[in-house]
Amino acid sequence: MAEGSKDQACVGAIDPEDDSPNMIIYRKIEDVVMRIQDEKAGGVTIRTVKSFLSKIPSVVSGADIVQWLMKNLTIEDSAEAIHLGSLIAAHGYLFPISDHVLTLKDDGTLYRFQSPYFWPSNCWEPENTDYAIYLCKRTMQNKARLELADYEAENLARLQRAFARKWEFIFMQAEAQVKIDRKKDKAERKILDSQERAFWDVHRPVPGCVNTTEMDIRKCRRERNPHRVKKSVYGVSDENQSQPSPAHIPSQPTRKPTKEDVQKEVTFSLRWSTDLSSLRRPLLPPPSSITPDTSEIPSDEPSPYLAFPLHSIYPLSPLPLPLLQITFLNIQLDRHCLKVSKVADSLMGYTEQFQEYDPFVSLTEPSNPWISDDSSFWDLEASKDPSQQRVKRWGFSMEEALKDPVGRDQFLKFLESEFSSENLRFWLAVQELKRRPLQEVASRAQEIWQEFLAEGAPSSINLDSHSYERTSQNLKDPGRYSFEDAQEHIFKLMKSDSYARFLRSNIYQDLLLARKKGKSLTGKRLTGLMQSS
Amino acid sequence: AAAQSRPSALQSGESLATLKNESDSLKKKLEEERAKLHDVELNQVAEKVELVSALSIRTRRVLKGHGNKVLCMDWCKDKRRLVSSSQDGKVIVWDGYTLNKEHAVTMPCTWVMACAYAPSGCAVACGGLDNKCSVYPLSLDKNENLAAKKKSVAMHTNYLSGCSFTNSDMQLLTSSGDGTCALWDVESGQLLQSFHGHTADVLSLNLAPSETGNTFVSGGCDKKANVWDMLPCASVSCRLYDLRADREVAVYQKDSIIFGASSVDFSLSGRLLFAGYNDYTINVWDVLKGNRISVLFGHENRVSCVKVSPDGTSFASASWDTSLRIWA
């Protein structure tokens, strides 16, 4: 039956090759739990406690565990240590000897450590027949400490109904277990019984307690090694569970790398491939079905949808994966990357610039509605009157100005006052084109061409000949991204020209310095047009 | 080395082994090149930055109403409404500020793992074990049955793990357990673009918050902190990966944090990182200095989703304890 003695040098039974997220967690917990129990290496003192007429073997107080956690895992706050300890208990690695509810208390409550045999890392999924045998055997033994709790009695009743037909079998199994248990040493039995109970407290928790064995369904759906799942403590499952308590698993022989491994590597590399700038301009037209065009891999520019062409070619031709990897790696090598010091400066600069806008870092004016229950902050944001702070943000970059609808309007207003709004209007039109439903895209694209780019266009914009040619070609088969080139060009133009002028304009400065409308300006600017509406 | 264009057929005489060697040496070269860029640690440079003033973040709202684990949530652009979806098949639209439940939809499947609010505020998208992503227009008429106007947009061959509207109500980006991401035209239901490249489930996706680009990141890689372990050997800690340097620039971990993080989001300025964990807590990290500023207790089971509101005034967390909390 259960191997309860901690004399057994059971190292964690986790397959060293198993790196699933759950196993990573279990490994970490098991590392902690083994360290706690290692008295020679600074662990807690596990001892026998005398109580009334009996002795309680192999226990430690909750307070001792909390202390150890705080000291060895560098936890400043005992609340955190208690929380972590409770989770370790809830997952079944330690348990209070007199309670079904698995939490850690920072006092004299006594706890025991779970046997490695029952560790969750053994992939336990005990079935109800097992649970029935367990509850049944509990009722056969005349010991106060084995009396069923109310919820257990209810569970037993329910199981008796469910397994009415095979109850005889269950009863016999329970009797057999009782016989086996009786042969064990008394002190050892106390420990084993408690560990067995703790095991069931994890897999059949007290109503109201979190069931830590609940899995995220996405992880359930993934391929799992069915051989490793253990379904029965008492060996009554249909599957032939030939393993007894796990001994140290010998290290697996190193597998030869397979195609899957290379595939994984390609995926891994692909994950780190995104080049922000190139992603803006897809070079491949959107496919009408999933079967892709396999005519070529773009050779001179990193494809924005790198994931798309590479994988799409793979299933259709016998192209070996290393070839794809080589192509990909060469693209990566060509990328211009920044030093970490530069990146760090950039990150620091950004956070500093936006610090005053971050309600978690700076106080908001007026108060944060969530805290004060006063929604003035939102009312202000919604009004057409932007605060100085908000206007200041438009000055950070043209992107910021355009992001704010009021900023965008003011920018447009300024340009209109200068009769040079066609660039911005073009840019906005293209943005809007991308938001349209598919069936409107082609006609809208044509409209934009007519308005801004065609010969004699009413709002003619200035494009370099290269972009113009390219756009003209794109318009032969108009799509959502037909104007990407042109849009980028215009964006750069506005940034260096119109935007700078906007920031110097009265329209902007008035708002920034909160000069009242209608008042005459004391500024030196002589732009001439000073309409306030 | 310029990118070689070697489409279609395998060159005769080249064995798999030769190619593998070439790819290995290129990989090594890439590692060396990248290592040269690693001239300093982010937290070292950040030493001169002022400490973030002591935060007193507390739960400001608790949204109760789901009958089972809350798996996903998303904010409305109006900064106070949100949509949440649950294992029990229900999708609820709340006014987080008043705690009012404004709409509720019962999906035909359980485990609704993804939900998203349309930019206009007039619709929500959701899906999960039904392998689809459907869009529900939100009616002002309380009596109207939302399910009647439901529109099936995305179709995958495995569960839907994430969805997000891109520019407008008209385009939907989805990620799926079938290993792909896809962009759909909402009105026609047509597939606009398909993204292959993962050999395992895509568990999440995140859009770049930029007006000027159409960037998105899928699955295990986030241009910011990554907590999705898609590949068997991925870790469960939070990492900051910078695309410009093409490397990891920070790891957010602590000895006492054993359980993995399920979801993260940045505060408005990017200075703070809020991460929801499987140990029921939310940890607040200083992105630059790398230390943990505070730990927030409150949820009674795993935190499945964390999102900062559009104006950064609060963040919401969804949990397996069936509730949502709004923190500020």
If you count heavy-atom pairs under 4.5 Å with chain A, which of [options] comes out on top?
{"options": "B:Gln171, B:Glu187, B:Glu33", "result": "B:Gln171"}
{"options": "B:Arg58, B:Gln44, B:Lys69", "result": "B:Lys69"}
{"options": "B:Asp255, B:Val40, B:Thr313, B:Asp185", "result": "B:Thr313"}
{"options": "B:Arg271, B:Met113, B:Glu300", "result": "B:Arg271"}
{"options": "B:Gln87, B:Lys254, B:Arg80", "result": "B:Arg80"}
{"options": "B:Leu42, B:Val52, B:Val284, B:Asp279", "result": "B:Asp279"}

Quick one: does any side-chain atom of [X] pair with a main-chain N or O of [Y] as donor and acceptor, under 3.5 Å?
{"X": "B:Asp169", "Y": "B:Ser120", "answer": "yes"}
{"X": "A:Ser362", "Y": "A:Pro359", "answer": "no"}
{"X": "B:Ser176", "Y": "B:Tyr159", "answer": "yes"}
{"X": "A:Arg408", "Y": "A:Ala401", "answer": "no"}
{"X": "B:Asp39", "Y": "A:Ser341", "answer": "yes"}
{"X": "A:Ser346", "Y": "A:Lys342", "answer": "no"}

Let me know if [X] has heavy atoms under 4.5 Å from chain B in its side chain, its backbone, both or neither.
{"X": "A:Leu84", "result": "side chain"}
{"X": "A:Asp77", "result": "neither"}
{"X": "A:Thr364", "result": "neither"}
{"X": "A:Arg480", "result": "side chain"}
{"X": "A:Glu381", "result": "side chain"}
{"X": "A:Glu400", "result": "neither"}
{"X": "A:Glu80", "result": "both"}
{"X": "A:Ile75", "result": "side chain"}

_CD/A:Glu432: more than 12 non-hydrogen atoms of other groups inside 6.0 Å_ = yes
*Do the charged groups of A:Lys434 and A:Glu484 touch, with an N to O distance under 4.0 Å?*
yes
*Please confirm whether B:Phe315 and A:Phe360 have ring centers closer than 6.0 angstrom.*
yes
*Answer with yes or no after comparing the ring centroid distance for B:Phe266 and B:Phe274 against a 6.0 Å cut-off, counting only values under it.*
no
Less than 4.5 Å to any heavy atom of chain A: does that hold for the side chain of [X], its backbone, both, or neither?
{"X": "B:Leu71", "answer": "neither"}
{"X": "B:Phe297", "answer": "side chain"}
{"X": "B:Ser314", "answer": "both"}
{"X": "B:Leu288", "answer": "side chain"}
{"X": "B:Asp311", "answer": "both"}
{"X": "B:Val249", "answer": "side chain"}

*The single option from B:Lys29, B:Arg34, B:Lys28, B:Lys36 passing salt bridge (Lys or Arg N to Asp or Glu O under 4.0 Å) against B:Glu32*: B:Lys28
_Ring-face cation of B:Arg302 near B:Trp320 (centre distance under 6.0 Å, axis angle within 45°)_ = yes
*Between A:Leu73, A:Val340, A:Ile29, the one whose heavy-atom pairs under 4.5 Å with chain B are most numerous*: A:Val340
_Quick check on the interface: out of A:Tyr350, A:Trp370, A:Tyr357, A:Phe354, who has the most heavy-atom pairs with chain B under 4.5 Å?_
A:Trp370
*asked:* With a 4.5 Å cut-off on side-chain heavy atoms, are B:Leu268 and B:Val308 touching?
replied: no
